[in-house]
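To start, the structure under review is shown below, and the notes come after it.
These numbers come from a predicted model, not from an experiment.
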Amino acid sequence: METEKMSTGKFAMNYGIILGVIMIALNVISYVTGQALEGAQWPQLVYYVAFPVVIIYAISKYKTYNANVLTLGNAIKLGVVIGVISAIVYVLYGLLFNYVIDPEFMPELMEITIDKMIEDNPDMPQAQIDQSVKFMEIMFNPLIGSAFWIAMSALFGLIWSLIGGLVMKSKS
């Protein structure tokens, strides 16, 4: 009996959405608890663990659903698309959050970040402070920040899927 191969696109879409929802949940928890403005690092740490786990798990499941056949190319497609889809889901949430839910959050976060930077580095020259603020303004720009987030998610999706694909690819 022949089994029908499942497309990488559908698989990646499902796991990309799951990863995006995980990112949103972490963001909401840190926001609701007030830890987002305090600079809590645990949401990023959880995400840095969840990202490769979801990608490697998706590659493993894809191989299982395709009669234990996996090419390195399919693994890489899965990882990159999962990364990009998760980033797009998160970017859409971020735009909704920053323009509808709490438009004052980013300016407040930027102000707190600048104050902390000055407090931690009291001898920092004004020119360096101005340069840091300019860089933050660029990264807090929705278009630039979103493009950066999507690009980085694609890059890390590539890296983790390459690792997973090399380990799990079918032997010819």
Side-chain angles (χ1 to χ4, degrees), residues 12-13 15-59 75-167:
M13 177 73 77
Y15 284 97
I17 290 171
I18 289 168
L19 187 56
V21 169
I22 290 170
M23 293 166 50
I24 292 168
L26 292 169
N27 190 281
V28 168
I29 291 168
S30 68
Y31 175 75
V32 169
T33 60
Q35 295 177 352
L37 287 175
E38 295 171 4
Q41 295 299 307
W42 69 265
Q44 287 85 0
L45 296 175
V46 171
Y47 176 67
Y48 294 148
V49 171
F51 191 89
V53 166
V54 169
I55 288 177
I56 301 234
Y57 180 76
I59 292 170
I76 289 172
K77 275 191 254 180
L78 277 168
V80 170
V81 174
I82 289 169
V84 169
I85 296 293
S86 70
I88 289 170
V89 168
Y90 185 70
V91 162
L92 292 173
Y93 160 76
L95 293 172
L96 177 69
F97 178 82
N98 289 315
Y99 288 105
V100 177
I101 297 171
D102 191 353
E104 296 301 314
F105 180 79
M106 288 307 263
E108 188 177 352
L109 178 61
M110 192 161 162
E111 186 178 316
I112 289 170
T113 304
I114 292 167
D115 290 346
K116 181 159 177 36
M117 178 181 64
I118 292 169
E119 179 182 312
D120 291 347
N121 304 294
D123 298 330
M124 184 183 284
Q126 186 61 42
Q128 192 174 357
I129 292 171
D130 294 341
Q131 185 179 16
S132 296
V133 169
K134 203 177 284 188
F135 179 75
M136 279 192 285
E137 287 172 347
I138 290 170
M139 291 310 292
F140 282 24
N141 176 298
L143 291 177
I144 294 171
S146 297
F148 180 78
W149 187 260
I150 292 169
M152 292 309 294
S153 294
L155 175 65
F156 285 106
L158 172 68
I159 292 168
W160 285 110
S161 62
L162 181 61
I163 293 168
L166 286 171
V167 170

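Contact of the Ile82 side chain with the Trp160 side chain is not registered, since no non-hydrogen atoms from C-beta on lie closer than 4.5 Å. In this structure, the side chains of Met117 and Ile129 come closer than 4.5 Å at one or more pairs of heavy atoms. In this structure, Met23 and Phe51 have side chains that are not in contact, with every pair of non-hydrogen atoms separated by 4.5 Å or more. Inter-residue side-chain proximity for Val133 and Met110 is flagged as met; some heavy-atom pair is nearer than 4.5 Å. Taking 4.5 Å as the limit, some side-chain heavy atom of Val91 sits within range of a side-chain heavy atom of Ile150. Between Phe140 and Pro107, the closest side-chain pair of non-hydrogen atoms is not below 4.5 Å. You'll find the side chain of Ser161 stays beyond 4.5 Å of the side chain of Leu78, heavy atoms only.
Just one residue in the list Lys134, Gln128, Gln126 forms a side chain to side chain donor-acceptor pair (under 3.5 Å) with Asp130, and that residue is Gln126.
Gln44 pairs by the side-chain contact (heavy atoms from CB on, under 4.5 Å) definition with Gln41, Tyr48, not counting sequence neighbours. Looking at residues two or more places apart in sequence or on another chain, you find a side-chain contact (heavy atoms from CB on, under 4.5 Å) between Thr113 and Leu109, Met136.
The closest donor-acceptor contact from the side chain of Ser30 to the backbone of Asn27 lies under 3.5 Å.
Smallest separation of non-hydrogen atoms from Val28 and Tyr93: CG2-OH, 3.6 Å. Here the closest heavy-atom approach between residue Ala12 and residue Val81 is recorded as CB-CG1, 3.4 Å. The nearest pair of heavy atoms linking Ile59 to Ala75 is CD1-O, 3.9 Å. Nearest heavy atom pair, residue Pro43 against residue Ala40, reads CD-O, 3.6 Å. When all heavy atoms are compared, the tightest approach of Ala87 to Ser153 is CB-OG, 3.5 Å.
Taking CD1 of Ile85 as the reference point, atom CD1 of Ile18 lies at 12.5 Å (rounded to 0.5 Å). Separating the CG atom in Leu95 from the CD1 atom in Ile101 is a distance of 11.0 Å, to the nearest 0.5 Å. Distance check, rounded to the nearest 0.5 Å: OG of Ser86 to CH2 of Trp149 gives 8.0 Å. To the nearest 0.5 angstrom, Ile76 atom CD1 is 6.0 Å from Leu158 atom CG. Rounding to the nearest 0.5 angstrom, the gap separating the CZ atom in Phe148 from the CG atom in Leu143 is 15.0 Å. Between atom CD1 of residue Ile118 and atom CG of residue Asp123 there is a gap of 12.5 Å, rounded to the nearest 0.5 Å.
Under a cut-off of 6.0 angstrom, the local environment of CE in Met124 is crowded, with over 12 non-hydrogen atoms contributed by other residues, nucleotides or ligands. Summarising the local packing, CD of Gln35 is surrounded by more than 12 heavy atoms from other residues, nucleotides or ligands at distances under 6.0 Å.
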query: Given Leu96 and Leu92, is the side-chain contact (heavy atoms from CB on, under 4.5 Å) satisfied, shown in steps?
result: CA-CA 6 Å; Leu96 177 69; Leu92 292 173; over 6 Å; no

- prompt: Should Tyr90 and Ile24 be marked as a side-chain contact (heavy atoms from CB on, under 4.5 Å) after you check the CA-CA gap, both sets of side-chain angles, and the distance that decides it?
  reply: CA-CA 6 Å; Tyr90 185 70; Ile24 292 168; 4.1 Å; yes

message: side-chain contact (heavy atoms from CB on, under 4.5 Å), that's the test. Do Leu26 and Trp42 meet it? Break it down for me.
response: CA-CA 9 Å; Leu26 292 169; Trp42 69 265; 3.7 Å; yes

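For the residue pair Glu137/Asn141, the side-chain donor-acceptor check at 3.5 Å is not satisfied.
Sorted by first and then second residue, the ring pair (Phe, Tyr, Trp, His ring centres under 6.0 Å) pairs with a member in residues 16-41 read Tyr31-Phe97, Tyr31-Phe105; sequence neighbours excluded.
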